Amino acid sequence: MHWADVVAEKLMQRGDEHVLATAITPSGPIHVGNLREVMTTEAIYRALKDRGAKAKLIFIADTFDPLRKVYPFLDKSYEKYVGMPLSSIPCPCGEHENYAEHFLQPFIEAMDELGIKPEIYKDHELYAQGFYKNAIKTALDNADKIRNILNEISGRNLPEGWMPFNVLCENCGRLTGEIKEYEYPSIKYECKCGWKNSVNINECMGKMPWRVEWPARWSLFGVTFEAFGKDHASPGGSWDTGKVIAKEVFNYEPPMPFVYEFIHLKGRGAMHGSTGLAIAASEVVKMVPAEVLRFLFMKYEPSRHIEFDASFGLLDLVDEYDEYERVYFGMQEARAGMKDVRRVYELSQPYGTKAKMPLQIPYRHLAVVAQIAKNFDEVIEIIQRRTELQKFDEERLRERYEKIKYWLKNYAPDAIKFEVLEKFEGEMDKRSIEFLERLKNKLETIEWDAEKIHSAIHETIKEYGISAKEGFEAIYKIIIGKKRGPRAGYFLQSLGKEFVLSRIHEVIQK
RNA sequence: GGGCCUGUAGCUCAGCUAGGUAGAGCACCUGGCUUUUAACCAGGUGGCCAGGGGUUCGAAUCCCCUCAGGCCCGCCA
C-alpha cells in the first residue's frame with residue numbers, strides 16, 4: 001500500500017473529519033524542500049478524501065515572523081529591517097506588496113501548477129483580525145506553566161517573568177517588545193530600542209513565539225494532522241514542547257505528527273555551494289513537468305531523503321515517469337523495482353488522470369529537437385514527420401517543450417547541449433571535405449529517413465576508407481561545431497534534407 | 001552532547017512488518033544483412049546485500065554492536 005494510504009487509514013481510525021496543516025516561513029526563496037511538506041500533506045489529504053473523509057487542507061504563511069538577519073541574497077540596506085515582521089518590510093524587487101509576499105507568491109503559483117490548492121492564511125492577517133486573541137490570553141495566563149514546560153523539555157533557561165508574547169513596538173516597528181507587567185487586559189512593555197508603554201493587550205500588535213503559536217494554531221484550526229521536517233522533530237524541539245503545551249495549556253489533543261526528510265541537491269555544485277542556497281520551488285516548476293515533479297515526491301517514502309538531480313538525472317526521472325504511465329494504461333508490464341504503480345501515477349497527476357494515455361515523445365529526443373527547432377511550431381513540424389499529434393498531446397508537448405528549454409538554458413550539462421551553427425566558419429581538412437562530398441552525392445539519392453541516412457553515412461565511410469570516428473566528427477563539426485552529437489541518422493533527419501545538403505555544399509565550396 | 005535517515009551491481013534505487021541463499025533502470029560489453037557515436041531491439045558482464053556478532057534448519061530481510069555518509073537540534077522559527 002502506498003504511504004499516503006497507510007497514513008490515511010491510520011487517521012481514519014481516529015475519525016473521519018480532518019484538518020491537515022502546512023506552514024512555511026517566507027523569509028527567503030521557498031525551496032524544493034518546502035515543497036515536500038506541502039506535497040506530502042496533500043497526498044494524504046487526497047487519500048483521506050478517497051476514503052470518504054471530510055478533510056481540509058490549510059496552508060499558513062508565517063508572514064508575521066521577524067526577519068532574523070540580512071541573508072546572503074539581500075542587500076545590506078536590509079540591516080535596518082532585522083527584527084521587523086516580514087509583512088512590513090519592503091519587497092526586494094518592488095513589485096510585491098511586501099517582503100513576505102515577494103517570496104510567497106511564486107510559491108503559491110508553483111503549488112497551483114502542481115494542483116495543490118489549500119486554504120491559504122497569512123499569519124500577519126490572522127493576528128490583525130484578532131484570530132489569536134483568546135489563545136494569547138490563555139498563553140499569558142499560563143505563562144509560568146509554559147515557561148516551565150519549555151525549560152524542562154527543551155533544556156532552556158527562560159528567566160522568571162518571561163512572557164510568551166513579543167510586542168510589536170510602536171516606536172521601532174520590531175517584534176522586540178518585552179512584557180514587563182501583565183494584568184489582563186493591560187500590559188506594560190519595554191522594547192530593546194528603549195521605548196516603554198502601557199497598552200491593552202487586545203489592541204496591541206505582537207506575536208507569540210513559534211513554540212507557543214504552533215500548538216495554539218492546532219487548537220484554533222482543529223488540526224488533526226501535520227507533517228514537519230526533522231528540524232522540528234528533534235528531541236526537545238518544537239514538537240516535543242508543542243504537544244505538551246497543546247494538552248496542558250490549550251487543552252487540545254495534538255495532531256498526528258509525520259516527519260519527513262529533506263531533499264538534497266545533486267550534481268550542480270554551485271547551487272548548494274557556500275551560500276547554502278537551494279533551488280527555489282518556483283524554479284524547479286519551470287524545468288520539471290508538473291506531474292513529473294509530483295512523481296518524484298510520490299515515489300519515495302517521505303522518511304527517505306531524496307537526491308534531486310537537476311542535471312542528467314532529470315532525463316531519467318522523466319523517462320521513469322513515462323514508464324509508469326505506460327504501465328498505468330496497460331501498455332506495458334510493470335517491471336521489478338516499480339512500486340504502487342497505479343497509486344503513484346494517480347497521485348502524481350496535478351489535475352486528475354486522463355482517460356486516455358497521452359502520446360509520449362521520448363524526453364531525450366525532445367531535448368534534441370528542442371535545440372534544433374527555433375520555436376514550438378517547428379518542434380511539432382519535426383516530430384510530426386514521424387507521429388500524429390492529438391489535441392491533448394499537444395498540450396503536454398508544449399509544457400514539456402517549455403520546461404526542457406528552460407532546463408537546457410539553465411541546468412543541463414554541457415555534454416547534451418548544442419547549437420546548430422548559422423554558418424560553418426572553421427577549417428576542414430582535405431580528407432574530410434572529400435568524404436563529405438561523397439556523402440552528399442549519396443544523400444541526394446536516398447529517401448530522407450533516419451535509418452537510411454545512417455546507412456548512407458556508414459557506406460560512405462567504408463567506401464572512402466576513412467575511420468568512422470573521423471567521418472562522424474566531420475558531420476558534427478560542420479553542423480554544431482563539436483566532435484560529438486545526437487545520433488546522426490535521427491539528427492540529420494530532423495534537420496531536414498535541404499538544410500543538410502546545403503550545409504555540406506557550403507563547406508565543399510570553401 | 002542529543003537525535004533522525006541512509007549504506008544492496010559504476011550510478012539511481014526495489015526487495016527488507018508475511019526470513020528460504022539477490023533484482024530493475026541507466027551506464028558498460030556483444031549482436032541487430034556491408035554500418036562505435038546521445039530517440040530502437042535482443043542478449044550479456046557485473047554485487048561475499050558497509051563490517052562484526054546473535055536468533056534460526058536457513059537472514060539483505062529479525063536483535064545487538066561497530067564503521068561510513070547525509071541531515072537536524074543544542075540561537076530563532
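Computed from a prediction, not measured in an experiment: that's the story for all the values here. Letters go in sequence order (proteins before strands), and every chain restarts at 1.
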Which residue lies more 5' along RNA chain B, comparing D65(A) with K482(A) via nearest heavy atoms | K482(A)
Which residue lies toward the 5' end of RNA chain B, D231(A) or W210(A), if each is placed at its nearest nucleotide?
-> D231(A)
Rounded [atom1] spacing from [N] to [M] in Å:
N: rU30(B); M: rU37(B); atom1: P; result: 12 Å
N: rC71(B); M: rA9(B); atom1: C1'; result: 27 Å
N: rG44(B); M: rC62(B); atom1: P; result: 31 Å
N: rA38(B); M: rA60(B); atom1: C1'; result: 36 Å
N: rU21(B); M: rC26(B); atom1: C1'; result: 28 Å

Which class fits the ring pair F103(A) and Y99(A): parallel under 30°, tilted 30 to 60°, perpendicular over 60°?
-> perpendicular
Just say parallel, tilted or perpendicular for the rings of Y411(A) and Y406(A), cut-offs at 30° and 60°.
-> tilted
Verify the contact: side-chain N or O of R304(A) to OP1 or OP2 of rC4(B), cut-off strictly under 4.0 Å; return yes or no.
-> no
At 4.0 Å (heavy atoms only), tell me whether [X] reaches a base, stays on the sugar-phosphate, or touches nothing.
X: G485(A); answer: base
X: P66(A); answer: nothing
X: S455(A); answer: base

Residues passing the ring-ring contact (aromatic ring centres under 6.0 Å, His included) test with F472(A), sequence neighbours excluded, are H458(A)
Here the distance between atom C1' of rG69(B) and atom CD1 of I306(A), to the nearest Å, is 18 Å
Give me the one residue out of W214(A), Y260(A), F258(A) that meets ring-ring contact (aromatic ring centres under 6.0 Å, His included) with H232(A).
-> W214(A)
